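Shown next, in C-alpha cells, is the structure this report addresses.
These numbers were taken from a predicted model, which means no experiment stands behind them.
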Amino acid sequence: SLLDNYMFYAISGLSHPSPKVRAASVAIMSTLLPLSPDLSADIVKGSIPDLIKMAEEETWWEIHAYLLYLCSGLMKTFSSRGPATEEVDVSITMGVFEVIKLIFSPKLSRTIKLIGCTSLARIVDINEELSEMYLNVMCSLTTKDLNFILSLRGQAGMENPNYNIL
C-alpha cells in the first residue's frame, strides 16, 4: 500500500546520516501515523526505540520540533482508542511520553519551547506529569511569548509580520 511505501522510507530515513533527512522522516511520520492507528500501531511500537534514541542523541532543533509534533499526534491517537487495543496503546504512549520527557523542558531554546507548547497543548490533560512539564515550560517563557501563544488566533496569528518564532 502507499502507506507502507511512505513508512518504509520514513523509517529508513531515521538512521540516515543527514539531519535534514532524519527531520523529514519524522515529519512524514508525524503526518501519517496518527491518521491510521489500526494500520500503524505495529510500526509505531517498533519505532519507539529509534525515537527515544533520536531524542537522546540529536542536537538539531528541527528534529526536536518534529519529534514533539509527532509525539503530540501519537499521544492523542493512542491514548483514546479503547479497551480492545489497551495493551499496545499503553506501550506506545509510555514510549512516546519518554520521548517528550527527554526533549521538552524549560532549558530548551525559545523556538523549541514555543513549538513544543503549541504542539503539546492538545494533549496536556493526558496525565499529571505532562501537565506539570508543560506548565514549567510555559512559566519559563517571556511575557511577550506567553501573550503570543495564548492569543494566537488561527492563520491570522501565524501570518502576523510583527512576530516570528524562528
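The CG atom of N136 sits 11.0 Å away from the NZ atom of K113 when rounded to the nearest 0.5 Å. Atom-to-atom distance recorded for L70:CG and M75:CE is 11.5 Å, nearest 0.5 angstrom. Summarising the geometry, atom SG belonging to C117 is positioned 9.0 Å from atom CG belonging to L108; distances are rounded to the nearest 0.5 Å. To the nearest 0.5 Å, atoms CD1 (I112) and CD (E62) are separated by 8.5 Å. Within the model, atoms OG of S109 and CG of L114 stand 8.5 Å from one another, a figure rounded to the nearest 0.5 Å. A distance of 9.0 Å separates NE2 of H16 from CZ of R22, quoted to the nearest 0.5 Å.
When side chains are defined from C-beta on, H64 does not count as touching I115, because their heavy atoms never get closer than 4.5 Å. Side chains of F78 and V88 form no contact here, defined as non-hydrogen atoms less than 4.5 Å apart. Two residues are said to be in side-chain contact when any heavy atoms from C-beta on lie closer than 4.5 Å; L67 and L51 meet this criterion. Side chains of E58 and I103 form no contact here, defined as non-hydrogen atoms less than 4.5 Å apart.
Side-chain atoms of S72 come within 3.5 Å of backbone atoms of S119 as a donor-acceptor pair (strictly under, hydrogens ignored). At least one donor-acceptor pair under 3.5 Å links the side chain of S140 to the backbone N or O of V137. Between the side chain of T142 and the main chain of D145, a donor-acceptor pair closer than 3.5 Å is present. Judged by distance alone, the side chain of T31 and the main-chain N or O of A27 form a donor-acceptor pair under 3.5 Å.
Following chains of ILVMFWY side-chain contacts shorter than 4.5 Å, one cannot reach V90 starting from V96, and the two form parts of different hydrophobic clusters. In terms of hydrophobic clustering, with Ile, Leu, Val, Met, Phe, Trp and Tyr side chains grouped at heavy-atom distances under 4.5 Å, L68 and M94 are assigned to different clusters. The cluster map of Ile, Leu, Val, Met, Phe, Trp and Tyr, joined by side-chain heavy atoms under 4.5 Å apart, puts I28 and L14 in the same cluster. Hydrophobic clustering, with ILVMFWY side chains joined whenever heavy atoms are under 4.5 angstrom apart, keeps V26 apart from F8. Transitive grouping of hydrophobic side chains (ILVMFWY, heavy atoms separated by less than 4.5 Å) keeps Y69 and L74 in distinct clusters.
Comment: R81 engages D38 in a salt bridge, judged by a side-chain N to carboxylate O separation of less than 4.0 angstrom. Between K53 and E56, no side-chain nitrogen of the basic residue sits less than 4.0 Å from a carboxylate oxygen of the acidic one, so the salt-bridge criterion is not met.
More than 12 heavy atoms of other residues, nucleotides or ligands sit less than 6.0 Å from atom NZ of K101. F104 CZ: more than 12 foreign heavy atoms inside a 6.0 Å radius.
Between S47 and D50, the side chains place no donor N or O within less than 3.5 Å of an acceptor N or O (distance only, hydrogens not considered).
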